[in-house]
Amino acid sequence: MLTFDDDNRRFTYRTVGILIHQGKVLLQSSPDDDYWALPGGRVEHGESALESLVREIKEEMDVVATSTRPLWIVDNHFEEFGMVCHELGMYCEVTVDPDSYIYSASEFEGVERDKDLIFRWFELAEIGETELYPAFLRQSLLNLPDELQYICHRDDT
């Protein structure tokens, strides 16, 4: 994983999938978290962001994803678990097979290494009320860009 720690500072290179279906967006959390995020994970050395995203979705949800287009490069700054975090993220719109099991339930389980994950579909119209990070997504998911955009974001968490 491309994650580097230096005392209480952490840098991570992350790839993120945006899966929208019938006016809903797929988010993930874990039983220990009180917030939601888009699915994805850390890029491995030598892997492209798109290769990483396909791998992460396969590992966590056991489905094959296809990236349709990159939407945002996000320079994300936040604090978590006493760490000052700087995350560089590639956010891409993705699709999976229309007959996939993920569309048949409003919520389903997944796994990331030894950590349980919860995946849930959220109505886009109500996403502004969801504890979703990075927070810029609460508005930006309602109006996806036509071209790749760079965003520098700082969360007060």
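When a residue number appears, it is its place in the shown sequence, counting from 1.
Looking at E60 and Q28, their side chains come closer than 4.5 Å, going by heavy atoms from C-beta outward. E56 has its side chain out of reach of V54: every pair of non-hydrogen atoms, C-beta onward, lies at least 4.5 Å apart.
In terms of heavy-atom proximity, E44 sits nearest to M1 at OE1-N, 3.0 Å. When all heavy atoms of P70 and C92 are compared, the closest pair comes out as CA-SG, 3.8 Å. The two residues E47 and S52 have their closest heavy-atom pair at OE1-CB, 3.3 Å.
The neighbour count for D146 CG, taken as heavy atoms of other residues, nucleotides or ligands under 6.0 Å away, does not exceed 12. Atom CD of E107 is surrounded by more than 12 heavy atoms from other residues, nucleotides or ligands within 6.0 Å.
In this structure, L124 shares a hydrophobic cluster with V16, I18, I20, V25, L27, W36, L38, L71, W72, V74, Y91, I118, F122, I127, L132, F136, L137, L141, L142, L144, I151, the cluster being traced through Ile, Leu, Val, Met, Phe, Trp and Tyr side chains under 4.5 angstrom apart. As a member of the Ile/Leu/Val/Met/Phe/Trp/Tyr network built from side-chain separations under 4.5 Å, F4 groups with L2, F11, Y13, V43, I73, L88, M90, L148, Y150. Listed by chain and number, the hydrophobic cluster partners of L117 are L19, L26, L53, I57, M61, V63, V94, V96, Y101, I102, Y103, F108, F119, W121, where partners are ILVMFWY side chains within reach of under 4.5 Å, directly or through others.
With salt bridges taken as basic N to acidic carboxylate O contacts below 4.0 Å, one links E59 and R55. Ion pairing between R9 and D5 fails under the 4.0 Å rule for side-chain N and carboxylate O.
Applying the side chain to side chain donor-acceptor pair (under 3.5 Å) test to S30 and every residue at least two apart in sequence or in another chain returns D33. H21 meets the side chain to side chain donor-acceptor pair (under 3.5 Å) test with no other residue; sequence neighbours excluded. Scanning for side chain to side chain donor-acceptor pair (under 3.5 Å) contacts around E112 gives an empty result, with sequence neighbours left out.
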Quick one: do E79 and R154 satisfy side-chain contact (heavy atoms from CB on, under 4.5 Å)? Show the steps, please.
CA-CA 9 Å; E79 290 186 27; R154 296 180 189 276; over 6 Å; no

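For the atom pair CG (N76) and NE2 (H153), the distance works out to 6.0 Å, reported to the nearest 0.5 Å. Distance CZ/R10 to NE2/H86: 14.0 Å, rounded to 0.5 Å.
Judged by distance alone, with hydrogens and angles left aside, the side-chain atoms of S29 form a donor-acceptor pair with the main-chain N or O of Y35 at under 3.5 Å. With hydrogens and angles disregarded, a donor-acceptor distance shorter than 3.5 Å links the side chain of T68 to the backbone of E93. When atom types are taken as modelled, the side chain of D155 and the backbone of A135 share a donor-acceptor pair closer than 3.5 angstrom.
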